[in-house]
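Report on the following structure.
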Amino acid sequence: MKKHSFLSLMPVAACIALLAACAPQQAVKTEYTQVIPAGTTELAALYLDNLATKSGLKNGENAGIVRQLFALLADETSDGLAKELEALWADPSTSGIDWSAPLYVFNAPSLHAPAAALKVADLAQFQALVETLVDGQLCAEPVKADGFETAVCLDGAILLCYNDGTLLAVLGGSTTDAKKLQPAVTELMTQPAQKSFCSDAAFTKLTRQKGDIRLLATPDALPLSVRSLFNWPRGTQLLGYLLFENGYAYASLQQAAFEGDTAESNQPVHPKSNRELMAAINGITSGTPFNITLTSDEIVTLSNLRILMQFTDSPYITALYEAIQQIESLNLRGDTGRVNFTLALNQKSGNALKQILDFAAATFGDMLQDLDS
């Protein structure tokens, strides 16, 4: 009886197996960090959700700035598209992007162009967003490629490549340039984790740092004016971060192999003249421990702002003076392996990033109104 029952189920099992084989296969969800190429020497991780919260943009405290932006978009595109994007701003999750995951910006040697990687949480929602951009004539119709889709936007200025899990945005330049990037883009979109930078020990160090913005680079990526200050050989791997807290902004740049703490025993130097300031800065170029601290009054004195304000009524000079008055102290300290920067503001109750943005919005808003009038 048992044997008969088993045999009677064989046709049913065969039908189920056949249907499963014929059914469309669900796309494999990819890990978006896999598109970062191995050997990357310039990589920034931006924690956009943190930045939006700390700047006051997320909770509507700086909603005026956002409204001005969407008004500008309406002038440049269409009212319909501007309203769609404004609704998207009100609820960013409807974009299909996971904004709690960091945005990675990097230079890919194979692309010869800056690129960014974001995490796609809901592919259907993101595809709907692309269609909105297509309707607004900002993007061409997407084209299916090897396991992903590609959309050329803004006449080739930006190339969007996406699948279930990953969005790769590349600065193209033109439609012709965007087409030339396709082979390199395909290679990045299909490469396994072990061939990407996410398997590198330096990437692990980057993710373990603190900071709202985190950086991995070599001295070659720094501006020449900054690079010449530090005693770091070409090709040295550097890690850095920028962190905003209540009343403080912190920054750090150090050799990736640096183990230990910057010497805290140095007494802070308060330069009273430009000559004393240059003498203190010489500690940076020689690699010896240094600790330079300036109060807002000292910054004004060293910059000769008080003298300038007697001879000009420029709103920019006034704005600079007012910005410096918001500062309690500015400190730069370090040694051969690491340089730290701390900006302390007078008001400790609010986040430093929001205070900076509030001041910029008020100051430059007034300037724009003066120019319009």
Short side-chain to backbone donor-acceptor contact, [X] and [Y], under 3.5 Å:
X: Gln191; Y: Gln34; answer: yes
X: Asn163; Y: Thr166; answer: yes
X: Asn50; Y: Thr53; answer: no
X: Thr318; Y: Ser314; answer: yes
X: Gln355; Y: Gln347; answer: yes
X: Asn331; Y: Ile292; answer: yes
X: Thr312; Y: Met309; answer: no
X: Trp232; Y: Gln254; answer: no
X: Ser296; Y: Ile327; answer: yes
X: Gln125; Y: Asp122; answer: no

[Y] reachable from [X] in the ILVMFWY side-chain graph, under 4.5 Å edges:
X: Leu206; Y: Tyr47; answer: no
X: Tyr241; Y: Leu103; answer: no
X: Ile299; Y: Tyr321; answer: yes
X: Leu43; Y: Leu51; answer: no
X: Val134; Y: Phe148; answer: no

Nearest-0.5 Å distance that lies between atom [atom1] in [X] and atom [atom2] in [Y]:
X: Thr207; Y: Leu216; atom1: OG1; atom2: CG; result: 10.5 Å
X: Leu168; Y: Leu159; atom1: CG; atom2: CG; result: 7.5 Å
X: Asp155; Y: Ser174; atom1: CG; atom2: OG; result: 9.5 Å
X: Thr293; Y: His270; atom1: OG1; atom2: NE2; result: 5.0 Å
X: Asn274; Y: Thr301; atom1: CG; atom2: OG1; result: 10.0 Å
X: Ile97; Y: Leu118; atom1: CD1; atom2: CG; result: 5.5 Å

Minimum heavy-atom separation for [X] to [Y], with atom names?
X: Ser273; Y: Leu302; value: C-CD2, 3.3 Å
X: Thr336; Y: Gln255; value: O-NE2, 3.3 Å
X: Arg214; Y: Gly211; value: NE-O, 3.0 Å
X: Ser303; Y: Val300; value: OG-O, 3.1 Å
X: Ala193; Y: Ser199; value: O-OG, 3.6 Å
X: Ala249; Y: Ala352; value: N-CB, 4.2 Å

Exercise. For Ser93, what residues pass the side-chain hydrogen bond (donor to acceptor under 3.5 Å, both in side chains) criterion, not counting sequence neighbours?
Worked result: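 Ser93 satisfies side-chain hydrogen bond (donor to acceptor under 3.5 Å, both in side chains) with Asp91 only.
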Problem set entry | Qualifying residues under side-chain hydrogen bond (donor to acceptor under 3.5 Å, both in side chains), relative to Thr342, sequence neighbours excluded |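 Partners of Thr342 under the side-chain hydrogen bond (donor to acceptor under 3.5 Å, both in side chains) test: none.
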Exercise. Which word best sums up how the rings of Tyr162 and Phe126 line up, parallel for under 30°, tilted for 30 to 60°, or perpendicular for over 60°?
Worked result: perpendicular
For this session: Would you please classify the geometry between the Phe203 ring and the Phe197 ring as parallel, tilted or perpendicular, with 30° and 60° separating the classes?
Result: perpendicular
Exercise. How far apart are the C-alpha atoms of Lys54 and Glu245, what are their side-chain angles, what is the distance that settles it, and do they pass the salt bridge (Lys or Arg N to Asp or Glu O under 4.0 Å) test?
Worked result: CA-CA 8 Å; Lys54 292 181 176 183; Glu245 291 184 355; over 6 Å; no
For this session: Starting from the C-alpha separation in whole Å, work towards a yes-or-no answer on side chain to side chain contact (heavy atoms under 4.5 Å, CB included) for Leu330 and Phe341.
Result: CA-CA 8 Å; Leu330 180 154; Phe341 167 89; 3.9 Å; yes
So do the side chains of [X] and [Y] get within less than 4.5 Å of each other, counting heavy atoms only?
X: Glu141; Y: Glu131; result: yes
X: Arg306; Y: Asp297; result: yes
X: Thr30; Y: Asp164; result: no
X: Leu138; Y: Cys153; result: no
X: Ser196; Y: Thr33; result: no
X: Asn246; Y: Ser349; result: no
X: Gln209; Y: Leu239; result: yes

For this session: May I ask you to say whether Lys119 pairs ionically with Glu31, meaning some side-chain N is under 4.0 Å from a carboxylate O?
Result: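 Salt bridge flag = no for Glu31 with Lys119.
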Is it the case that over 12 heavy atoms from other parts of the model lie below 6.0 angstrom from the [atom1] atom of [X]?
X: Asn346; atom1: CG; value: yes
X: Gln325; atom1: CD; value: yes
X: Lys272; atom1: NZ; value: yes
X: Lys195; atom1: NZ; value: no

For this session: List the steps and the verdict of side chain to side chain contact (heavy atoms under 4.5 Å, CB included) for Thr150 and Leu160.
Result: CA-CA 6 Å; Thr150 302; Leu160 300 180; over 6 Å; no
For this session: Return yes if a side-chain donor-acceptor contact under 3.5 Å exists between Asn340 and Ser252, otherwise no.
Result: yes
Exercise. Should Phe106 and Tyr104 be marked as a ring pair (Phe, Tyr, Trp, His ring centres under 6.0 Å) after you check the CA-CA gap, both sets of side-chain angles, and the distance that decides it?
Worked result: CA-CA 6 Å; Phe106 55 92; Tyr104 290 100; 8.3 Å; no
Problem set entry | Criterion side chain to side chain donor-acceptor pair (under 3.5 Å) on Asp98 and Ser100, from CA distance to verdict | CA-CA 5 Å; Asp98 182 358; Ser100 64; 2.5 Å; yes
Exercise. Does Phe359 have Lys354 sitting over its ring (NZ/CZ under 6.0 Å from centre, angle to axis within 45°)?
Worked result: no
Problem set entry | Residues Gln127, Glu149; criterion side chain to side chain contact (heavy atoms under 4.5 Å, CB included); working and verdict | CA-CA 9 Å; Gln127 287 171 326; Glu149 293 182 70; 2.6 Å; yes
Exercise. Checking side chain to side chain contact (heavy atoms under 4.5 Å, CB included) for the pair Leu332/Val339: CA distance, chi angles, key distance, verdict?
Worked result: CA-CA 7 Å; Leu332 182 70; Val339 174; 3.7 Å; yes
